[in-house]
Amino acid sequence: MKKIFYSIICLTVSFSSCQKNDDLSEDDPEKNELAEEYYAGGKAGTVFNETSSAYELPTPAVEQGGYLAAFKRGERLFEDPFVTTSADESPQGGLGPLYLRTSCIHCHPGYGHGKRQTSYNSTTIGNGYLLVVTDETDTYLSSLTGMPQTRAVEPFKAPVDETKIKIDWLPYVDEWGNAFPDGETYALIYPEVTIPEGAYYVPLEVTKNGETTVVPYRNVRVRLESTIGIYGTGLLDAIPDDSIKAEYAKQERLGVSLNSAFFANGEWVRQYSNTLQGNGEQHPFRYTYALSRGPLQDAAGANAIWNITNVTRSDRHYHYMTKAYAEVASQDPDVRARFYELFPKHNLTGNVGTDIYNYLIAPSADAPEMTDEQYVDFMVWHRGLAVPAARDLDDEEVRTGRKLFREIGCATCHRPSWTTGDDNFTDPALFFRNGDIRLPQYPNQKIWPYTDMVQHRLSMKNDIRTGWCRTTPLWGRGLSMKCTGAADRLHDCRARTVIESIMWHGDTNSDARQSVEKFRNLSKAERNAIVEFIEAI
């Protein structure tokens with residue numbers, strides 16, 4: 001467990017190091033704004049800490065609101081591995097029958113972005129990769145879960161044999177020959193992932209319009225999507241729905257290309273809802289690269305603590321599973337031979353195939369493997385992670401970079417700041433009440449995440465599924481090397497430096513093309529200033 005009180009110690013120590021020149025003045029509007037921007041997560045969500053624990057600390061709202069004990073318990077759920085014993089035998093029992101990782105921290109080293117990998121091994125701490133397996137139309141294979149599982153407990157077999165997954169990193173040369181006009185060069189790489197047909201335990205199928213069809217192996221596409229940092233997600237949740245809609249509408253008026261599957265003609269086309277557990281109320285999508293999740297209380301973390309481990313809880317009393325897998329496993333001689341031996345209390349019908357299928361697919365009759373109290377603690381921790389303060393904003397080079405960042409158009413997508421609302425948050429899964437006092441809140445905070453919460457297209461080689469990717473928040477990323485041991489950026493960690501990340505935005509069809517053209521034509525000192533600014537925020 002981390003030493004939570006360290007944030008308090010660093011509050012005074014680190015703040016002085018953030019202000020190199022100590023010359024902020026009420027007479028200078030820019031300096032006033034810089035003073036405000038040091039509080040990247042607002043007064044309620046920022047910690048002044050730039051050590052290796054900077055991503056792991058509770059917000060002031062957690063400490064002041066009496067949530068610290070719950071935060072620590074939730075932190076343990078995030079860090080400690082889940083095991084295959086029952087929940088009665090271990091506080092983190094219930095792993096499986098299929099799973100992706102044994103702990104959350106496997107994917108989020110130091111609570112940050114996943115690290116670039118040269119081979120796929122789900123036991124590697126820092127491998128935040130999720131496999132994205134689709135047909136040639138970018139439709140997910142329905143025979144696999146959306147996040148394909150590569151691990152299983154006995155007697156079951158993994159849907160994908162991860163020992164056969166191959167990742168190749170290939171060089172890429174852009175239209176400028178990977179060089180700036182002044183002669184400085186850079187290198188670009190991108191991943192290609194190969195999974196041989198024999199590595200799949202399940203048939204290769206897609207379901208469209210209620211009809212399931214087999215996908216020829218030659219049409220299967222595999223890409224990688226990495227985890228992102230989880231600090232500050234509670235603050236992003238506190239941005240009002242109508243503020244996000246206003247940002248979409250503003251960009252549409254300015255002629256920015258938007259994903260018409262989400263927004264068109266000034267109105268939402270589709271929003272997030274949960275009809276399985278909730279009442280179908282709708283809210284804007286705001287989390288994951290693919291914008292697949294809405295409010296935090298039913299977003300990536302709330303789902304991951306269930307589907308990554310397959311640990312059931314009262315509102316998820318079933319396994320993360322496909323019927324295609326259950327059908328194959330129920331007929332597998334190896335699974336049938338040992339099922340009753342390993343799961344004796346699930347000998348309910350005497351028909352081993354039926355009992356296997358029902359165990360995998362049907363809602364569990366057993367007690368939940370994660371208690372409601374544990375889940376609340378986990379969400380206190382998740383909603384309670386602070387954002388590290390910005391650093392060195394009054395440094396002359398950083399101030400130059402900040403100005404250029406705006407001038408060349410980077411701030412169009414990487415919108416600098418937002419203001420949170422009353423933060424009477426919602427939960428589409430209806431586990432938490434609106435504004436539930438069991439969770440910390442962040443009302444009326446000016447925050448500096450540097451994201452517009454909107455998807456754009458970069459048109460990269462071997463791009464993200466659909467080509468649409470949410471603008472990643474930049475806050476805190478300059479501490480990634482210190483906190484996680486890596487500084488990789490973009491959705492699949494292809495960018496090893498800030499420069500590489502910027503240049504991957506430069507394709508002819510990229511929505512950021514004009515900004516990259518302007519960046520290329522800056523002097524080396526000006527380009528470096530922008531890099532220093534991005535590292536500072």
Side-chain angles (χ1 to χ4, degrees), residues 2 40-41 47 49-57 78-79 100-101 103-118 120-122 124-132 147 167 169 188-191 223-236 286-293 296 299-301 304 308 381-382 385-388 390-391 413-414 448-451 453 455 458 460 464 469-502 504-505 531 534-537:
K2 305 296 179 293
V47 289
N49 184 303
E50 49 188 283
T51 71
S52 60
S53 298
Y55 295 163
E56 307 172 25
L57 301 173
F78 174 84
E79 292 186 352
L100 284 81
R101 307 288 195 278
S103 78
C104 300
I105 203 167
H106 272 81
C107 298
H108 297 274
Y111 297 22
H113 196 290
K115 301 179 184 180
R116 188 175 65 89
Q117 305 292 313
T118 56
Y120 192 96
N121 184 335
S122 63
T124 300
I125 298 294
N127 176 10
Y129 281 142
L130 302 173
L131 298 171
V132 179
M147 294 187 288
I167 302 174
W169 287 94
L188 299 176
I189 58 174
Y190 68 95
R223 280 156 289 191
L224 297 173
E225 190 171 304
S226 184
T227 50
I228 60 175
I230 47 179
Y231 53 87
T233 45
L235 292 155
L236 296 178
R286 63 177 76 203
Y287 294 106
T288 78
Y289 292 108
L291 274 187
S292 59
R293 295 292 177 184
L296 186 69
I308 295 291
W381 167 86
H382 192 9
L385 283 170
V387 177
R391 300 156 305 286
C413 297
H414 288 283
W448 299 79
Y450 280 85
T451 173
M453 306 294 284
Q455 284 184 321
L458 301 184
M460 296 183 289
I464 191 172
C469 188
R470 187 198 70 161
T471 305
T472 301
L474 297 181
W475 57 6
R477 288 302 310 280
L479 295 172
S480 183
M481 179 61 76
K482 186 179 291 186
C483 293
T484 74
D488 307 310
R489 294 176 182 257
L490 300 181
H491 73 283
D492 54 12
C493 303
R494 67 177 63 196
R496 296 159 293 185
T497 66
V498 174
I499 289 289
E500 288 182 24
S501 179
I502 292 171
W504 271 117
H505 287 57
V531 171
I534 291 172
E535 296 282 26
I537 58 176

Inset, instruction - Nearest 0.5 Å please: distance from the OG1 atom of T451 over to the NE2 atom of H414. - result: 7.0 Å

Legend entry - Smallest separation among heavy atoms of G476 and P388, with atom names: CA-CG, 4.0 Å

Inset, instruction - Indicate yes or no for a side-chain donor-acceptor contact from S53 to the backbone of E56 under 3.5 Å, with no hydrogens or angles considered. - result: no

Legend entry - Shortest non-hydrogen contact between T484 and G112, atoms and distance: CG2-CA, 3.9 Å

Inset, instruction - Looking only at non-hydrogen atoms, find the nearest pair between V47 and A54 and report the distance. - result: CG2-O, 4.2 Å

Legend entry - Approximate separation, where rounding is to 0.5 Å, of M147 CE and S292 OG: 8.5 Å

Inset, instruction - Measure from the ring center of Y111 to the ring center of Y231 and say whether it is less than 6.0 Å. - result: no

Legend entry - Note, Y190 side chain near M460 side chain (heavy atom, < 4.5 Å): no

Legend entry - Reported OG1-to-CG distance for the pair T51 and L57, which is rounded to 0.5 angstrom: 6.5 Å

Inset, instruction - May I ask you to decide whether R489 forms a salt bridge with E535, counting only side-chain N to carboxylate O separations under 4.0 Å? - result: yes

Legend entry - Main-chain N/O of G301 paired to Y287 side chain as donor or acceptor, under 3.5 Å: no

Legend entry - From R494 atom CZ to S501 atom OG, the distance as rounded to the nearest 0.5 Å: 10.5 Å

Legend entry - Test applied, side-chain contact (heavy atoms from CB on, under 4.5 Å); reference residue, S226; option that passes from H113, H491, K115, H108: H113

Inset, instruction - Would you please test L130 and L100 for side chain to side chain contact (heavy atoms under 4.5 Å, CB included) and show each step? - result: CA-CA 9 Å; L130 302 173; L100 284 81; 3.7 Å; yes

Legend entry - Side chain N127, main chain N121, donor-acceptor under 3.5 Å: yes

Legend entry - Minimum heavy-atom distance L490-Y289, with the two atoms named: O-OH, 3.8 Å

Inset, instruction - Flag the pair P449 / L235 as yes when at least one side-chain heavy-atom distance between them is below 4.5 Å, and no otherwise. - result: no

Inset, instruction - Decide whether a cation-pi geometry holds between R116 and W169; the criteria are a distance under 6.0 Å from NZ or CZ to the six-membered ring centre and an angle within 45° of the ring axis. - result: yes

Legend entry - Polar side-chain atom of R470 near backbone of R286 as donor-acceptor pair, under 3.5 Å: yes

Inset, instruction - Determine whether W448 and I537 make a side-chain contact, defined as any pair of heavy atoms from C-beta on separated by less than 4.5 Å. - result: no

Legend entry - Evaluation steps, side chain to side chain contact (heavy atoms under 4.5 Å, CB included), between I464 and R223: CA-CA 7 Å; I464 191 172; R223 280 156 289 191; over 6 Å; no

Legend entry - For the student: nearest non-hydrogen atoms of I125 and I105, plus distance: CG2-O, 4.2 Å

Inset, instruction - Mind checking the OG1-OH spacing from T472 to Y450? Nearest 0.5 Å is all I need. - result: 15.5 Å

Legend entry - Side chain S480, main chain R477, donor-acceptor under 3.5 Å: no

Inset, instruction - Can you see which heavy atom on W504 is nearest to which on I189, and at what distance? - result: CZ2-O, 3.2 Å

Legend entry - Audit row: I230, W381, side chain to side chain contact (heavy atoms under 4.5 Å, CB included) steps and yes/no: CA-CA 11 Å; I230 47 179; W381 167 86; 3.4 Å; yes

Legend entry - 4.5 Å side-chain heavy-atom contact, Q117 and D488: no

Inset, instruction - Would you give the length of the straight line joining atom CG of L458 to atom OG1 of T471, rounded to the nearest 0.5 angstrom? - result: 8.5 Å

Inset, instruction - Answer yes or no: is there a side-chain heavy-atom contact under 4.5 Å between V531 and I499? - result: yes

